[in-house]
Structures are given as structure tokens and as C-alpha cells.
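In what follows, chains carry the letters A, B, and so on, assigned in the order in which the sequence lines appear, proteins first and then strands, with residues in each chain numbered from 1.
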There are 2 protein chains.
Amino acid sequence: MLNPLSPVPLYVQLADVLATKIGRGELQPLHPLPSEKHLQQEFGVARGTARAAVRLLRERGLAMTVPQRGTYVTERKS
Amino acid sequence: MLNPLSPVPLYVQLADVLATKIGRGELQPLHPLPSEKHLQQEFGVARGTARAAVRLLRERGLAMTVPQRGTYVTERKS
DNA sequence: GCGGATTTGTACGTATGTATG
DNA sequence: GCATACATACGTACAAATCCG
């Protein structure tokens, strides 16, 4: 899935993977993203890396996080 | 300086301390902020905590970071 | 209401890479 | 070549809020 040898940081690669899934509709608006723990296990990264990827998605406006609840795909125009 | 028992996270407290110094003019626009290592030592926090504080300052528009150079106080309109 | 599981938040430490001076 | 400084990535631990049985 992710390439540790790429100059593109793992957390960026992971965010891109998730963003692509959102774009494809595999992850739908108002539905939860996989939890940090799930992302760790699925992609074999550390939690900090998974968190950084989710943070990037938030900064891109693709997701929003509710503390102690989870992170949800943002409802989007277009 | 910082209060570990406060409900306010250390990295927020640290960002506030730096923001106050900027506001007072103790840290001036276009001048460098203390390095992450310096912040660690001066405030007795881990590097991740110092980084989080600097990140918060960037998000607040108070500072900008140049990789491998340092973080600089942002030039501000009053 | 209680207890356990889940999930995010904070904080620590360490190591390595890369660019700058 | 060496020191500095930020970037990435790993790991660990505990806290706090939520959810569910």
C-alpha cells in the first residue's frame, strides 16, 4: 500500500490513499473514517503517522474529528 | 513557567507564552524564535511538545517555519 | 449506575534523514 | 567535515470522554 522508500512521507501517502477512497465514494460523507488504531494495523504504520495523515485530511477539509468519538468524512459540495 | 497540572495542555501553554512575548515585542517580526531544542531545554518539555507549540503559532499566523533554517516571527499588520 | 472497550488527546523518549551554515 | 535545525517515523504510557452491555 505505502512505500517507505518514497520521498513522499508516509503520512502524506496515507492521507492520499484515504482521500482517494473518499473521492471514489468508498468512504462516504458523515460516515466514520477507520480509527487510528485500525489505520495503524491496516497500513502498518505507527499511531503518530496515522494521526498525521488524519490531521492532513482535516486541513484539506475532507474530514472532521469529534474528540473521543471518531473522525468523519466531511459533507461536500460538488 | 508552565503548569503540568493545568487542564490547559502544555503545548498550548507554551504557545501562549511565546505569543505573549511576540505581543510584547520581546520577539520581533522577521527574527527567529528559539529553536525546538532551545524550547525543550528552557521549558523542560519534550521535543514533540515544543513542535506542537510552534505548529500552533503557525496556525495562528504568528510564525512561519523555514525548513532547516528556523522559525520566524511573522510580520504583522498591527 | 457500573464496568469495560473504544477512540482521540497529550506527553514523553529515541532514531534517522536532509538541508543549511 | 561538523554543528545546527527542522521533518519524519517509530514506540510507549496515561488521561478523558464516549459507547454499550
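Atoms CG (Leu33(A)) and P (dT6(C)) sit 19 Å apart, rounded to a whole Å.
The number of heavy-atom neighbours closer than 6.0 Å to CD of Glu26(B), taken from other residues, nucleotides and ligands shown, is above 12.
In this structure, Thr49(B) and Phe43(B) have side chains that are not in contact, with every pair of non-hydrogen atoms separated by 4.5 Å or more.
Between the side chain of His38(A) and the main chain of Glu36(A), no donor-acceptor pair closer than 3.5 Å is present. Between the side chain of Thr71(B) and the backbone N or O of Thr65(B), no donor-acceptor pair lies under 3.5 Å. Proximity of a side-chain donor or acceptor of Gln13(A) to a complementary backbone N or O of Asn3(A) within less than 3.5 Å is detected.
Leu39(A) and Val73(A) fall within the same hydrophobic cluster, where Ile, Leu, Val, Met, Phe, Trp and Tyr residues are linked whenever their side-chain heavy atoms come under 4.5 Å apart, directly or through other members. At a threshold of 4.5 Å between side-chain heavy atoms, the hydrophobic network of Ile, Leu, Val, Met, Phe, Trp and Tyr places Leu62(A) and Leu18(A) in one connected group. With hydrophobic clusters built from ILVMFWY side chains whose heavy atoms lie under 4.5 angstrom apart, Val54(A) shares a cluster with Leu2(A).
For the segment residues 34-51 of chain A, residues with any heavy atom less than 4.0 angstrom from an atom of DNA chain C are, sorted by number, Ser35(A), Glu36(A), Arg47(A), Arg51(A). The stretch residues 1-13 of chain B touches DNA chain C through Pro9(B), Leu10(B), Tyr11(B), each having a heavy atom within less than 4.0 Å of the strand.
Of the inter-residue distances, the one linking Leu33(A) atom CG with Lys21(A) atom NZ reads 9.5 Å to the nearest 0.5 angstrom.
Protein chain B contacts DNA chain D from dA5(D) to dT8(D), reading 5' to 3' and using non-hydrogen atoms of the protein with a distance under 4.0 Å.
Here Arg58(B) does not pair with Glu59(A) in a salt bridge; the nearest charged N to carboxylate O distance is not below 4.0 Å.
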